[in-house]
Asks: 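Here it is: the structure, laid out below.
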Amino acid sequence: MKRREMVQGLLSGGALAALGGCATPTGVPASAKVVVIGAGYGGATAAKYVRLFSEGAVDVVVVEPQAAFVSCPMSNLVVGGLRSLDDITRSYDGLRKRHGVTVVQDAAVSIDLQGKQVMLARGARIRYDKLVLAPGVELMFDAVQGLAQAQAEGRVLQAWKAGPETEALARQVQAMRDGGVFAITIPEAPYRCPPGPYERASVVAAYLKQHKPRSKVLILDANPDVVSKPGLFKKAWADLYPGLVEYRPLHKTAAVDARTMSVKFELSEDVKADVLNVLPPMRAGALAVQAGLANANQRWCQVDYASFASVLARDVHVVGDSILAAPLMPKSAHMANAHAKVAAAAIVAELSGGPIDARPMLTNTCYSFVSESEAIHVASVHEFVAAEQTFKSVPGSGGVSSARSAAEAAYALGWAANIWADTLG
Amino acid sequence: MNLDLVEIAARAARWPWHWTGLVLLCAWGTVAAQPVRTTPTRSLAATCAACHGTDGRAVEGQAMPALAGLARERIAAELRAFREGSRPGTVMPQIVKGYSDPQIDALAAYFAGVPARSTP
């Protein structure tokens with residue numbers, strides 16, 4: 001099919017939908033070629049790139065409950081008192097005004113896979129030809145006894161989805177007595193943002209070293225070793241925070257008690273702390289689980305990596321942290337942004353009857369601050385290997401920083417500015 | 001190829017559906033069928049965008065350079081210098097080792113063909 005015909009073919013559907021006045025009384029479109037659930041790094045990027053790759057010929061509706069985008073990357077700087085929540089918050093106006101995406105502020109509550117429609121909390125329904133499902137992760141509070149109640153009381157926070165809770169955790173750290181203990185517990189991998197807990201421990205340590213030097217940071221890790229950049233993190237803790245940061249592997253959290261501010265582990269002795277940051281195990285966002293698409297161990301969504309289509313629903317493309325990741329593919333913002341571009345290209349190709357890219361590529365870079373002024377990174381490149389139907393790290397590519405540096409801190413901030421613009425602008 | 005015309009037409013195509021947009025879009029259909037805009041190359045270029053900006057138009061004032069509008073030979077030479085180690089770096093020497101020579105040439109051609117400044 002020639003490109004001109006393709007564009008006109010795509011256009012007729014979109015034009016008919018709009019000209020037919022198929023909008024519900026609430027102003028929510030009744031249908032769209034592409035509906036995106038969730039406007040985090042994965043969903044927002046998918047929406048923007050479907051518009052870009054189709055040169056505006058495919059209409060896109062995004063359903064997102066939050067009024068604005070709040071970045072998880074850089075949110076540890078808020079916990080460490082180095083940035084405000086405003087600094088890591090961005091508007092969805094770029095998607096709307098520059099890219100013509102319809103952003104509906106509402107929550108998707110269910111998906112009718114057979115009828116190809118999404119039901120929203122306020123009662124609207126949107127039919128789709130293609131659905132992008134990017135619900136992020138759900139924290140499995142029930143996996144840690146007592147955690148749901150401790151969380152509801154505001155005593156034991158997670159702040160693993162950036163927002164008001166990020167500020168609340170920062171306030172807990174700032175209110176802690178000098179000589180107190182900040183303890184962070186880490187679930188078994190895979191979880192969202194492999195280096196995130198270690199970065200958080202580092203920037204909290206930087207804050208405490210300066211303001212409350214008799215305090216302690218305890219890292220209680222269910223894993224056998226630091227999951228990401230272990231050598232660089234451990235060297236930073238030894239060099240910068242001797243006696244302040246203590247790392248304990250193989251500490252799998254079983255229960256928390258908000259009354260005594262203590263954590264119980266499966267095998268080790270209880271730990272008491274002044275500020276407890278308990279990260280429970282995670283799985284695909286609740287909507288993916290509820291729709292039956294989290295078919296891998298009831299936790300993650302298995303996808304066809306060539307297009308990120310669910311193996312259970314060909315017209316539902318799952319991107320970001322919700323997927324069952326290919327080997328060495330982290331659950332990161334950068335990776336979600338990369339998934340979304342492959343999915344967007346495949347969606348536009350399939351809607352126009354063309355072939356999908358035979359050899360998509362993904363890149364990833366995760367920066368982590370280890371102090372207020374220095375950062376480290378891990379980078380990787382992944383190519384789709386058709387014979388194995390999976391992404392593999394390209395041999396010889398990727399790696400970690402040779403050493404922490406101020407230059408990498410500048411790159412980390414530049415990365416944030418650019419990926420926010422690439423995702424939303 | 002008049003890339004400015006492509007930009008204008010592409011922006012018009014992003015407007016809500018009405019007949020003005022339709023006419024411009026049909027005009028665009030003939031203009032944009034250039035190799036530099038084919039989806040596989042554009043998808044490959046999109047792997048650079050998280051750090052270097054959409055279509056290589058980086059956010060100004062940050063550490064990462066913009067790639068849009070740079071000379072094709074310069075982009076290709078710098079990527080190869082990172083790969084071979086003659087140009088030091090942090091992330092780039094590790095990333096560029098994931099790309100083949102034809103991919104490097106395709107990226108260089110793509111970014112060289114994008115106007116440096118975004119349309120206002």
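Throughout, a chain's letter reflects where its sequence line sits, starting with A, and its residues are numbered from 1. The structure displayed is predicted, hence computed values, not measured ones.
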Asks: Where is the tightest heavy-atom contact between A:Lys341 and B:Ala46, given as atom of each residue plus distance?
Replies: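 Heavy atoms only, the tightest pair is NZ-O, 2.8 Å.
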Asks: Less than 4.5 Å to any heavy atom of chain B: does that hold for the side chain of A:Ser380, its backbone, both, or neither?
Replies: backbone
Asks: Is the closest side-chain heavy-atom distance between A:Arg359 and B:Gln103 below 4.5 Å?
Replies: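 The answer is yes, as the side chains (C-beta and beyond) meet within the 4.5 Å cut-off.
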Asks: Under a 4.5 Å heavy-atom cutoff, which of A:Glu383, A:His334, A:His382 has the most pairs with chain B?
Replies: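 Heavy-atom pair counts peak at A:His334.
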Asks: Give me the contact list for residues 80-100 of chain B versus chain A, heavy atoms only, anything under 4.5 Å, ordered by residue number.
Replies: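 Those residues of residues 80-100 of chain B which have a heavy atom under 4.5 Å from chain A are B:Thr90, B:Val91, B:Gln94, B:Ile95, B:Lys97, B:Gly98, B:Tyr99.
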Asks: With the side chain counted from C-beta on, respond yes when B:His52 and A:Asn418 share a heavy-atom pair under 4.5 Å apart, and no when they do not.
Replies: no
Asks: Between A:Val400 and chain B, which part of the residue has a heavy atom less than 4.5 Å away: side chain, backbone, both or neither?
Replies: backbone
Asks: Taking all non-hydrogen atoms of both residues into account, name the closest pair between B:Met64 and A:Tyr411 and its distance.
Replies: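 The pair with the smallest heavy-atom distance is CE-O, 3.1 Å.
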Asks: Taking only residues at least two apart or on different chains, which pairs with a member in residues 391-400 of chain A satisfy side chain to side chain donor-acceptor pair (under 3.5 Å)?
Replies: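 Residue pairs passing side chain to side chain donor-acceptor pair (under 3.5 Å), neighbours aside: A:Glu388-A:Lys392.
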Asks: Among the options A:Thr45, A:Ile356, A:Val394, pick out the one with the most heavy-atom pairs lying under 4.5 Å from chain B.
Replies: A:Val394
Asks: Give the member of B:Thr54, B:Leu44, B:Thr47 that has the highest number of heavy-atom pairs under 4.5 Å with chain A.
Replies: B:Thr54
Asks: Give, as side chain, backbone, both or neither, the part of A:Ala421 having an atom under 4.5 angstrom from any heavy atom of chain B.
Replies: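 Contact with chain B is through both the backbone and side chain of A:Ala421.
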Asks: Under the salt bridge (charged side-chain N to carboxylate O under 4.0 Å, His left out) test, which residues partner A:Asp93, sequence neighbours left out?
Replies: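 Partners of A:Asp93 under the salt bridge (charged side-chain N to carboxylate O under 4.0 Å, His left out) test: A:Arg96, A:Lys97.
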Asks: Which pair of non-hydrogen atoms, one from B:Ala50 and one from A:Asn337, has the smallest distance, and what is that distance?
Replies: CB-OD1, 3.8 Å
Asks: Going by the rule side-chain hydrogen bond (donor to acceptor under 3.5 Å, both in side chains), which residues pair with A:Tyr49 if we only count those two or more places apart in sequence or in a different chain?
Replies: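 Checked A:Tyr49 against side-chain hydrogen bond (donor to acceptor under 3.5 Å, both in side chains); matches are A:Asp422.
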Asks: Is B:Arg42 reaching over with its side chain to a backbone N or O of A:Leu52, donor-acceptor style, under 3.5 angstrom?
Replies: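 Yes, B:Arg42 side chain to A:Leu52 backbone: donor-acceptor pair under 3.5 Å.
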